[in-house]
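Remarks on the structure that follows.
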Amino acid sequence: MVAKRIIPCLDVKDGRVVKGVNFINLIDAGSAVELAKRYSDEGADELVFLDITASVEKRKTLLELVKKIAKAIRIPFTVGGGISELTDIEKLLKAGADKVSLNTSIVKNPNLITKAARQFGSQAVVAAIDVNIVNNVYKVFIKGGREETELEGLSWCKKVEELGAGEILLTSMNKDGTKDGYDVDFLSELNELVRIPVIASGGAGSKEHFLEAFSKASVDACLAASLFHFDILKIKDLKEFLLANGIVVRL
Amino acid sequence: MISIIDYGAGNVASVANALETLNEPFVISSNEVEICRADKIIFPGVGEASFAIKQLHMLNLFSMMRMIGKPLLGICLGMQLLCDSSKEGNVSCLGIFPTTGEKFDETKTKVPHMGWNNVNQTKESKLFNGITNEEYFYFAHSFYVPVNNYTIATAENGIDFSAALEKENFYGVQFHPEKSGEAGLKLLENFITLC
């Protein structure tokens, strides 16, 4: 049986890891390659790198970083942040990334999912979807959570599955940085709706929150950032706790 | 010397990184002659089967791979391409293993099968020498090879499927040893030193 995954997420700017609380107030948490290696050694199942660099030199810096990470670790990793072209995806995968996560670009150009899945396989295409509650409705946000769209959360998730995405990385902006747990209700509904793996993101503050997301919402993977970066929670301790509570994890 | 076949549909960089970690000399090549010169061949693969087979034909590698008597390891899609055919794009493949790649049933399980799964070694093989039974390896695929006479290990995702195959000089693994931590490195080392 496939194990439930624990995925540290590293927000990267100019090769360094930063993590925002509710997407603002960035605090430096270390070198991306060093942290990647540490997490790989500590038993992370995968890593996600979100590039938030805004400069023109961005692509080149990111490709160099991806090459270094691919040399340093022997577990799969996903790269996201500002990817909008098939050629960008090809370069990142060739540099050693296993998957790319697409967010703003697929809202603007949904066909990109289909084209990327056809060329690289759907297992390489992660649809990253940021949702927040607006007037009691889950709306999809783009541009790092700064811009609201007309799209409704669940229907957009279903759409990306139909278009060929291999996985959904769902970030609940209403929970992000709060440390009071994943949005279990929304994730449960999402998990009922789609047949591709779902990664939960936003709100993790304790081991119990991971257990809740796996046991109640049946998600396939849980992502967290600052909890791991600032050593509040050790991956090994978390996995032992999950295993003791009946969740299949890789130890 | 190991050659890694580069046919435009493989995660070549990751396999190369793993061999670097093992200090194994290798070449990455799409050239028939260069590939033939190597002692052992690694045939990686991600992406779509019919596109990959087309690439092999265009690079004139199809017949060579069928005929070559040297140890050859197909990884992920690479393993599926060693079978008779694949339902992914309904394509005729290399025909080493007499079976067909099927798609996982979405009504029974999540597809793609993505993540770490334990691998049950069902037959003795040098490939798994020194690797604990039920060890975790990393998988990422939507199509699978049914269990058959040449299956040496299985994994479960709704149904039991072939996690590894072996027939004469041909080996295949559905998982990604290059992405499966220490156990994956050990398997690659076994292929290089024992097979």
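By convention in this document, chain letters (A, B, ...) are assigned in the order of the sequence lines, proteins followed by strands, and residues within each chain are numbered from 1. Values below: every heavy atom of this structure, side chains too, minus hydrogens, waters and symmetry copies.
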Is it the side chain or the backbone of [X] that comes within 4.5 Å of chain B heavy atoms, both, or neither?
X: A/A72; answer: neither
X: A/A221; answer: neither
X: A/L93; answer: backbone
X: A/A124; answer: neither
X: A/K71; answer: both
X: A/V249; answer: backbone
X: A/K4; answer: neither
X: A/E90; answer: neither

Residue part contacting chain A, namely of [X], when any heavy atom lies under 4.5 Å:
X: B/E178; answer: backbone
X: B/H176; answer: neither
X: B/A18; answer: both
X: B/S180; answer: backbone
X: B/T21; answer: side chain

Backbone N/O of B/E106 and side chain of A/R195: donor-acceptor pair under 3.5 Å = yes

Using 4.0 Å as the upper bound for N to carboxylate O, is an ion pair formed by B/K179 and A/D98?
-> yes

Answer with yes or no whether the side chains of [Y] and [X] bring together a donor and an acceptor at under 3.5 Å.
X: B/T100; Y: B/E102; answer: no
X: B/T109; Y: B/N157; answer: yes
X: A/T171; Y: A/S201; answer: yes

Heavy atoms, side chains only, cut-off 4.5 Å: are B/Q174 and B/C76 in contact?
-> yes

Geometric cation-pi criterion B/K167 and B/Y150, 6.0 Å radius, 45° cone = yes

Between A/P76, A/A70, A/G121, the one whose heavy-atom pairs under 4.5 Å with chain B are most numerous = A/P76

May I ask you to check whether B/F104 and B/F143 place their ring centres under 6.0 Å from each other?
-> no

Do A/Y182 and A/H209 make the cut of ring centroids closer than 6.0 angstrom?
-> no

